[in-house]
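In what follows, a structure is listed as structure tokens, so that the remarks can point back to it.
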Amino acid sequence: QVQLVESGGGSVQSGGSLRLSCVASGATDVCVGWFRQAPGGAREGVVLLNTYGYAIYADSVKGRFTISQDNTKNTLYLQMNSLKPEDTAMYYCAAERNPASRCADVLDFAYWGQGTQVTVSS
């Protein structure tokens, strides 16, 4: 069983920064990622990280967001810079243990955190 707990969300002005954290407990993950969901919208991938350390970013966040992890603390981070109002959403970390998974979209991840809210004002 994998448990994920996010933190670090909050309210910032446009151009500001936030760092989200996700502490994981349980078995080693095949892949991990950050997703977000705006009110009335579908959950979308922000950045996915596979076990080879290869990260795939959504075009909308490239150059502004950075994923990293500290394996000694079982923690996944999302550094978000130059935030925009359109980044406002609930942010979720996710993990998958199945080595056969594509780790490509929402349906490929079995474990989810409870989410942390990010609100960016103009």
Side-chain angles (χ1 to χ4, degrees):
Q1 187 69 21
V2 177
Q3 291 185 321
L4 305 170
V5 179
E6 304 101 330
S7 62
S11 297
V12 296
Q13 291 191 328
S14 182
S17 297
L18 285 172
R19 188 177 79 157
L20 306 184
S21 299
C22 173
V23 179
S25 61
T28 301
D29 304 312
V30 171
C31 51
V32 293
W34 287 96
F35 293 78
R36 67 186 181 186
Q37 187 168 17
R43 192 168 296 188
E44 62 178 9
V46 176
V47 55
L48 306 179
L49 183 68
N50 64 22
T51 52
Y52 302 103
Y54 186 74
I56 301 174
Y57 292 88
D59 288 342
S60 59
V61 306
K62 282 181 181 177
R64 300 188 297 122
F65 291 12
T66 304
I67 191 171
S68 62
Q69 56 185 7
D70 185 338
N71 292 329
T72 64
K73 298 181 180 179
N74 290 331
T75 303
L76 184 70
Y77 300 100
L78 181 65
Q79 178 66 44
M80 305 186 296
N81 299 327
S82 302
L83 282 162
K84 304 175 181 180
E86 52 263 44
D87 294 319
T88 295
M90 185 72 78
Y91 283 71
Y92 301 88
C93 67
E96 174 56 46
R97 297 169 55 188
N98 183 356
S101 174
R102 298 180 310 136
C103 299
D105 61 33
V106 171
L107 296 178
D108 294 329
F109 288 80
Y111 302 98
W112 294 84
Q114 82 288 351
T116 185
Q117 178 67 38
V118 172
T119 302
V120 185
S121 58
S122 58

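- Note that the CG atom of Asp70 and the OG1 atom of Thr72 stand 3.5 Å from one another [nearest 0.5 Å].
- Residue Gln117 holds its CD atom at 10.5 Å from CD of Gln37, rounded to the nearest 0.5 Å.
- Rounding to the nearest 0.5 Å places CG of Leu107 at 11.0 Å from CZ of Arg43.
- Here the closest non-hydrogen pair linking Val2 and Ala95 is CG1-CB, 4.4 Å.
- Side-chain atoms of Tyr57 never come within 3.5 Å of backbone atoms of Gly63 as a donor-acceptor pair (strictly under, hydrogens ignored).
- Heavy atoms from other residues, nucleotides or ligands lying under 6.0 Å from CD of Glu86 number more than 12.
- For the residue pair Gly9 and Leu20, the shortest heavy atom distance occurs at N-CD2, 3.6 Å.
- Residues Leu78 and Val12 share a hydrophobic cluster, clusters being chains of Ile/Leu/Val/Met/Phe/Trp/Tyr side chains in contact below 4.5 Å.
- Val118 and Val47 fall within the same hydrophobic cluster, where Ile, Leu, Val, Met, Phe, Trp and Tyr residues are linked whenever their side-chain heavy atoms come under 4.5 Å apart, directly or through other members.
- Nearest heavy-atom pair, Val30 versus Arg97, reported as atom, atom and distance to 0.1 Å: CG2-O, 3.0 Å.
- With hydrogens and angles disregarded, no donor-acceptor distance shorter than 3.5 Å links the side chain of Glu6 to the backbone of Thr116.
- With values rounded to the nearest 0.5 angstrom, Ser17 atom OG is found 3.5 Å from Asn81 atom CG.
- Looking only at distances, no side-chain donor or acceptor of Thr75 sits under 3.5 Å from a matching main-chain atom of Val23.
- Classification of the Phe65-Tyr91 ring pair by plane angle, with boundaries at 30° and 60°, yields tilted.
- In terms of modelled atom types and a separation under 3.5 Å, the side chain of Glu44 and the main chain of Arg36 share no donor-acceptor contact.
- Closest approach of Pro85 to Ser121, counting heavy atoms only: CG-C, 4.4 Å.
- Residue Leu49 holds its CG atom at 7.0 Å from CG of Leu76, rounded to the nearest 0.5 Å.
- Linking ILVMFWY side-chain heavy atoms closer than 4.5 Å, directly or via other members, places Met90 and Phe109 in a single hydrophobic cluster.
- Tyr92 and Val106 end up in the same hydrophobic cluster when Ile, Leu, Val, Met, Phe, Trp and Tyr side chains are linked at under 4.5 Å.
- Atom CZ in Arg19 sits 9.0 Å away from atom OG in Ser7 (nearest 0.5 Å).
- Closest approach of Leu48 to Phe35, counting heavy atoms only: CD2-CZ, 3.6 Å.
- Checking side-chain atoms of Asn50 against main-chain N and O of Gly53 turns up a donor-acceptor pair under 3.5 Å.
- Two different hydrophobic clusters hold Leu18 and Leu4 under the rule that ILVMFWY side chains link at heavy-atom gaps under 4.5 Å.
- Ion pairing of Lys84 with Asp87 is absent here, as no side-chain N (NZ or NE/NH1/NH2) approaches a carboxylate O to less than 4.0 Å.
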